[in-house]
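Here is the structure we will look at.
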There are 2 protein chains.
Amino acid sequence: MQKLTAAEENYLKAIYRLLEEDLEKVSTNEIAALIQTKAASVSDMLRKLAEKGLIDYKKYRGVSLTEPGRKMALHIIRRNRLWEVFLVEKLKFSWDEIGNIAEELEHVNAPLLVRRLDEYLGFPKFDPHGDPIPDEFGELSSKPRVHLEALSPGQAAKIVAVNNSSAAFLKYLDKVGIYIGARVIVLDQIEFDGSLELLIDGQKTLHVSREVSANILVMLQPS
Amino acid sequence: MQKLTAAEENYLKAIYRLLEEDLEKVSTNEIAALIQTKAASVSDMLRKLAEKGLIDYKKYRGVSLTEPGRKMALHIIRRNRLWEVFLVEKLKFSWDEIGNIAEELEHVNAPLLVRRLDEYLGFPKFDPHGDPIPDEFGELSSKPRVHLEALSPGQAAKIVAVNNSSAAFLKYLDKVGIYIGARVIVLDQIEFDGSLELLIDGQKTLHVSREVSANILVMLQPS
DNA sequence: TCGTATTTTTAGCCGCATCTAAAATTATTT
DNA sequence: AAATAATTTTAGATGCGGCTAAAAATACGA
């Protein structure tokens with residue numbers, strides 16, 4: 001496992017995240033937008049990561065991760081998510097405060113530290129946003145998940161993750177009572193704007209816009 | 001509180017540590033030796049820290065900390081020692097494994113994180129080596145401490161800190177049964193080499209060289 | 001005290017990660 | 001398909017933190 005700089009780690013993580021949504025390839029501009037830098041800087045870094053064998057890169061044609069690159073990205077994401085669990089579970093941060101801090105902590109690369117932290121936290125499988133934590137071999141235990149917006153009236157599901165970590169979004173969710181683990185049934189879908197009428201935990205009903213439902217991930221429930 | 005780079009923080013910490021032993025001024029070479037770099041690099045950094053008002057620096061004449069510099073150094077040391085407590089108390093590291101890891105963690109500068117960590121650890125006053133943890137205003141609660149080598153036969157003391165964090169030294173202490181908090185009485189001093197005959201916790205006797213006793217700090221006991 | 005040794009600083013270089021401006025390539029429109 | 005637009009890469013700069021080699025200042029010994 002080669003030693004990477006914090007910047008290299010951030011690029012790998014960004015490429016991984018974009019590949020999750022985007023299909024095959026990620027473009028220079030997409031990366032630049034995500035990590036708030038300029039396309040020229042991205043080009044430089046892509047050349048370097050390609051030399052190290054972490055990405056597949058053809059000029060002007062976008063990038064994808066090689067298998068070593070994917071493993072590295074998952075290691076970084078593992079560290080990030082374990083620290084997020086620590087911050088919320090142990091230090092009592094709320095889930096909208098932890099982003100920046102976890103992003104600094106994730107770059108502390110000491111394998112023994114990560115293992116001990118994992119153990120101390122009780123080998124958590126999901127972070128506070130509901131995203132799965134890769135194991136120490138860089139593998140994800142993936143269960144099928146789907147965007148809430150894709151459900152049709154009558155379908156039931158459990159909220160397992162959110163797709164957007166902006167403080168504004170997380171605060172909104174808190175306010176309206178949506179949380180990881182909540183059970184939700186789609187009562188109705190408004191054709192005009194794609195918004196949804198939901199029943200949360202069998203109790204309260206809630207109307208959410210398509211922007212919101214597109215950023216919530218759920219696991220379908222057997223009924 | 002200005003934002004410093006990790007390198008700047010390391011220099012401040014090194015200068016603080018050297019000022020603790022050394023009297024008035026610290027020399028360029030001393031700093032270079034401590035942080036394993038070249039004198040030329042130290043000169044450059046001193047110029048920069050002086051510009052920022054963190055050190056008093058006259059060319060060729062050595063440096064000392066300004067009051068803001070001292071405060072900053074103590075903040076950095078506070079972060080370092082809180083993480084050391086975390087690693088030992090919570091993650092079950094032994095005190096000879098934590099040096100490098102704490103030195104990476106200490107550079108994560110998020111004031112809220114440090115406060116929450118402090119609270120989570122129960123506001124510890126000393127780190128696992130027995131060194132005092134500065135408060136969040138950059139002040140040390142100092143109790144008078146003295147080197148074990150300075151004691152005379154008959155005097156009693158409690159071991160409160162060690163002065164040397166090399167793994168070899170810490171392992172030696174573990175092996176012979178010296179630990180922070182142990183009570184010690186000096187039974188005899190060998191004039192020839194300055195070594196000491198000790199009684200540990202009123203139970204076992206132990207012979208330690210001057211090299212060892214010079215690196216152990218104690219608080220004198222009322223007798 | 002004078003000359004030598006040591007310490008410290010300066011000068012000039014390198015790699016990293018960023019930037020702007022300009023050039024090259026690819027995509028789109030008419 | 002040619003012209004224009006958008007994207008991406010290259011060229012050349014900057015600041016940081018390190019280095020070596022050489023110059024400057026200080027300290028020391030005969």
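The structure displayed is predicted, hence computed values, not measured ones. Chain letters run A, B, ... following the sequence lines, proteins first and then strands; every chain starts at 1.
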### Summary
When rounded to whole Å, the OH to C1' distance for the pair B/Tyr11 and D/dC16 reads 12 Å
### Query
A/Ala40 side chain: which of C/dA21, C/dT9, C/dT10 is closest?
C/dA21
### Message
If the test is salt bridge (Lys or Arg N to Asp or Glu O under 4.0 Å), which one of A/Asp131, A/Asp127, A/Asp118 qualifies with A/Arg78?
### Response
A/Asp118
## Note on the structure
Per atom distances to the B/Asp44 side chain, the nearest of D/dT10, D/dG18, C/dT8 is D/dG18
### Query
Taking NZ, NE, NH1 and NH2 as the nitrogens, is one of them in B/Glu119 or B/Arg115 under 4.0 Å from a carboxylate oxygen of the other?
no
### Query
Nearest nucleotide by nearest heavy atom, which residue falls closer to the 5' end of DNA chain C, A/Gln36 or B/Arg47?
B/Arg47
### Message
Rounded to whole Å, how long is the line connecting atom NZ of B/Lys52 with atom P of D/dC16?
### Response
7 Å
### Message
Can you tell me which nucleotide in C/dT18, D/dG18, D/dT8 comes closest to the side chain of A/Met45?
### Response
C/dT18
### Task
Tell me what B/Thr28 touches on the nucleic acid: a base, only sugar-phosphate, or nothing, going by heavy atoms under 4.0 Å.
sugar-phosphate
### Query
Within less than 4.0 Å of OP1 or OP2 of C/dC19, is there a side-chain N or O belonging to A/Thr37?
yes
### Message
Base, sugar-phosphate or nothing for A/Ser41? Non-hydrogen atoms, less than 4.0 Å.
### Response
base
### Interatomic distance where OH belongs to B/Tyr57 and P belongs to C/dT7 [whole Å]
16 Å
### Query
In Å and rounded to the nearest 0.5 Å, what is the NZ to CG distance from A/Lys13 to A/Leu18?
11.5 Å
### Task
Consider the side chain of A/Lys59, meaning its heavy atoms from C-beta on, and name the nucleotide among C/dT9, C/dT26, D/dT10 that approaches it most closely.
D/dT10
### Query
Rounded to the nearest Å, what distance is computed from the NZ atom of residue B/Lys38 to the P atom of nucleotide C/dT9?
17 Å
#### Entry: Ring centroid separation A/Phe86 to A/Phe93 under 6.0 Å
no
